[in-house]
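What follows is a short report on a single structure.
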Amino acid sequence: MARRTKVYEGKAKVLYEGPEPGTLVQYFKDEATAFNAEKRSVIDGKGVLNNRLSEFFMSGLNAIGVPTHFIRRINMREQLIRAVEIIPLEVVVRNVAAGSLSKRLGIEEGTPLPRPIVEFYYKDDALGDPLVTEEHIIAFGWASQQDLDDMVQLALRVNDFLSGVMLGVGIKLVDFKIEIGRIWEGDFQRLIVADEISPDSCRLWDMRTGQKLDKDVFRRDLGNLAEAYTEVAARLGVLPSNGKAMTKPTLVN
Ligand code: UDP
């Protein structure tokens with residue numbers, strides 16, 4: 001069998017050349033990393049869960065007209081995606097204070113924010129992904145003013161969609177990170193949601209108990225990460241809960 005060409009390998013995913021021009025195969029690994037990869041571990045099943053969860057969120061976004069790179073799932077760990085030119089920014093949207101915002105501004109974790117806040121971080125592991133302003137982004141040519149306006153619009157639409165979906169299954173969307181890519185259609189460029197949307201890149205708190213159901217379970221040693229992700233997947237009807245039959249899925253895609 002012919003070997004596939006690896007295009008890129010990151011901390012949690014591998015990208016291979018796709019079957020047609022303009023496509024890639026995205027493979028989800030079981031590796032978990034935190035604190036700029038200073039903490040790392042292999043969590044059995046994480047890649048399978050994130051492949052399914054990212055499929056669920058991205059296909060939902062596609063269905064409501066928020067463009068994403070997702071084309072279709074191939075198997076347990078792989079999905080077919082559109083190749084994009086990734087904008088070197090992490091776009092974070094926050095609804096509730098947590099993590100680096102709480103630390104930087106001294107706002108207690110769990111404080112609701114007066115409105116969703118969109119932040120940009122420059123993707124550079126060597127620099128630890130620093131927070132940057134729109135001035136930096138434009139001055140250094142990472143994106144144009146039009147791109148920035150489009151990115152904020154996209155990020156807020158993703159926030160509304162994800163917040164609503166999570167609310168429906170008793171989970172508060174505290175914050176999340178997305179990455180955005182450019183695609184070219186003739187002479188026109190379009191920005192679309194890329195990378196992944198999964199509990200690796202969101203903060204998800206149970207609305208009743210406050211239990212954390214996201215990567216903070218790993219970052220802060222709060223328990224079993226795969227169990228937390230399985231709980232999210234089961235509530236969304238994406239996977240049966242703990243192997244039991246899915247009797248009453250809340251949402252099915
Ligand atoms: N996040 C991410 N990748 C990163 C940094 C942050 O996916 O490299 C996500 C993180 O999971 C959280 C949100 O972005 O949902 C905001 O993260 P924050 O800035 O609070 O940083 P952290 O506390 O995770 O270092």
Side-chain angles (χ1 to χ4, degrees), residues 8-13 26 28-29 31-41 43 46-47 49-51 53-54 57-58 68-69 86-113 115-133 136-137 142 151-152 154-156 158-163 165-166 171-181 193-207 210-223 225-226 228-229 232:
Y8 175 81
E9 177 152 12
K11 286 170 274 197
K13 298 184 295 293
Q26 178 163 254
F28 287 76
K29 302 194 281 188
E31 267 86 353
T33 63
F35 311 119
N36 208 2
E38 275 168 38
K39 178 170 179 169
R40 49 175 74 229
S41 184
I43 314 262
K46 180 175 86 81
L49 286 159
N50 280 355
N51 185 29
L53 284 164
S54 203
F57 297 128
M58 296 271 188
T68 82
H69 72 168
I86 287 280
I87 295 178
L89 297 168
E90 298 197 334
V91 184
V92 168
V93 182
R94 303 177 182 274
N95 299 303
V96 175
S100 70
L101 177 95
S102 291
K103 211 178 275 178
R104 186 177 307 112
L105 301 181
I107 302 172
E108 195 185 342
E109 279 211 332
T111 309
L113 298 170
R115 46 172 268 190
I117 294 176
V118 181
E119 297 174 338
F120 298 98
Y121 294 82
Y122 180 50
K123 266 168 71 71
D124 186 318
D125 283 342
L127 298 174
D129 298 344
L131 178 69
V132 291
T133 68
H136 298 118
I137 295 168
W142 300 323
M151 284 195 283
V152 170
L154 266 180
L156 290 175
V158 173
N159 187 45
D160 285 346
F161 173 75
L162 287 182
S163 295
V165 168
M166 290 303 178
I171 294 174
K172 175 85 201 162
L173 178 67
V174 171
D175 56 31
F176 65 94
K177 182 263 304 186
I178 53 170
E179 296 187 22
I180 293 175
V193 179
D195 189 50
E196 73 178 280
I197 299 178
S198 76
D200 267 8
S201 48
C202 301
R203 282 198 170 91
L204 304 171
W205 295 354
D206 181 85
M207 288 199 327
Q211 188 193 352
K212 293 181 171 48
L213 298 169
D214 56 59
K215 208 164 99 176
D216 275 347
V217 172
F218 170 71
R219 291 192 193 96
R220 304 179 186 187
D221 296 319
L222 299 176
L225 188 78
Y229 288 20
V232 175

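First listed ligand is number 1; within each ligand, the first listed atom is number 1.
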Check: Among all protein non-hydrogen atoms, which one is nearest to atom 4 (C) of ligand 1, and what is the separation to 0.1 Å?
Finding: E90 OE1, 3.3 Å
Next item on the list: Scan L53, L213, D216 and name whichever one has a side chain to side chain contact (heavy atoms under 4.5 Å, CB included) with P199.
Entry: L53
Next item on the list: Run the numbers for me: atoms of ligand 1, each under 4.0 Å from some heavy atom of G99, listed by number.
Entry: 20 (O), 23 (O)
Next item on the list: May I ask you to decide if F28's main-chain N or O and K46's side chain share a donor-acceptor pair within less than 3.5 Å?
Entry: no
Note to self: Side chains of S102 and R94 only: does a donor on one sit below 3.5 Å from an acceptor on the other?
What the structure shows: no
Notebook entry, point to check: Please state which protein non-hydrogen atom is closest to atom 23 (O) of ligand 1 and give its distance, to 0.1 Å?
Noted result: R203 NH2, 2.8 Å
Next item on the list: Would you mind reporting whether I197 and F176 have side-chain heavy atoms less than 4.5 Å apart?
Entry: no
Note to self: Can a donor-acceptor pair be found, under 3.5 Å and without considering hydrogens, that links the side chain of K39 to the backbone of F218?
What the structure shows: yes
Next item on the list: May I ask you to identify the nearest protein heavy atom to atom 13 (C) of ligand 1, giving residue, atom name and distance to one decimal place in Å?
Entry: D175 OD1, 3.5 Å
Check: By number and element, which atoms of ligand 1 are closer than 4.0 Å to a non-hydrogen atom of D200?
Finding: 7 (O), 11 (O)
Note to self: Side chain, backbone, both or neither: which applies to R219 and ligand 1 if a contact is any heavy-atom pair less than 4.0 Å apart?
What the structure shows: side chain
Next item on the list: Give the atoms of ligand 1, by number and element, whose distance to some non-hydrogen atom of D129 is under 4.0 Å.
Entry: 8 (O)
Next item on the list: Check R94 against ligand 1 and report side chain, backbone, both or neither, counting heavy atoms closer than 4.0 Å.
Entry: side chain
Notebook entry, point to check: Heavy-atom contact under 4.0 Å between N36 and ligand 1?
Noted result: no
Note to self: Could you work out, with ring pair (Phe, Tyr, Trp, His ring centres under 6.0 Å) as the rule, every residue matching W142, not counting sequence neighbours?
What the structure shows: Y122, F140
Check: Should R220 and E109 be marked as a salt bridge (Lys or Arg N to Asp or Glu O under 4.0 Å) after you check the CA-CA gap, both sets of side-chain angles, and the distance that decides it?
Finding: CA-CA 14 Å; R220 304 179 186 187; E109 279 211 332; 2.9 Å; yes
Next item on the list: Give a yes or no on whether atom 25 (O) of ligand 1 lies under 4.0 Å from any heavy atom of the protein.
Entry: no
Notebook entry, point to check: Does R203 pair with D214 as a salt bridge, N-O distance under 4.0 Å?
Noted result: no
Check: What do you think, any protein heavy atom under 4.0 angstrom from atom 9 (C) of ligand 1?
Finding: yes
Margin query: Considering S201, A98, S100 one by one, which has a heavy atom nearer to atom 19 (O) of ligand 1 than any of the others?
Written below: S100
Note to self: For K103, I'd like to know if atom NZ has over 12 heavy atoms of other residues, nucleotides or ligands within 6.0 Å.
What the structure shows: no
Next item on the list: Specify the protein heavy atom at minimum distance from atom 3 (N) of ligand 1: its residue, its atom name, and the distance to 0.1 Å.
Entry: K177 CE, 3.5 Å
Checklist line | Crowding at CZ, R115 (>12 non-hydrogen neighbours, <6.0 Å) | finding: no
Note to self: If you measure every N or O of E119 against every N or O of ligand 1, does any of those distances drop under 3.5 Å?
What the structure shows: no
Check: Given that the side chain starts at C-beta and the backbone is N, CA, C, O, which of these parts of F35 lies under 4.0 Å from ligand 1, counting heavy atoms, or is it both or neither?
Finding: neither
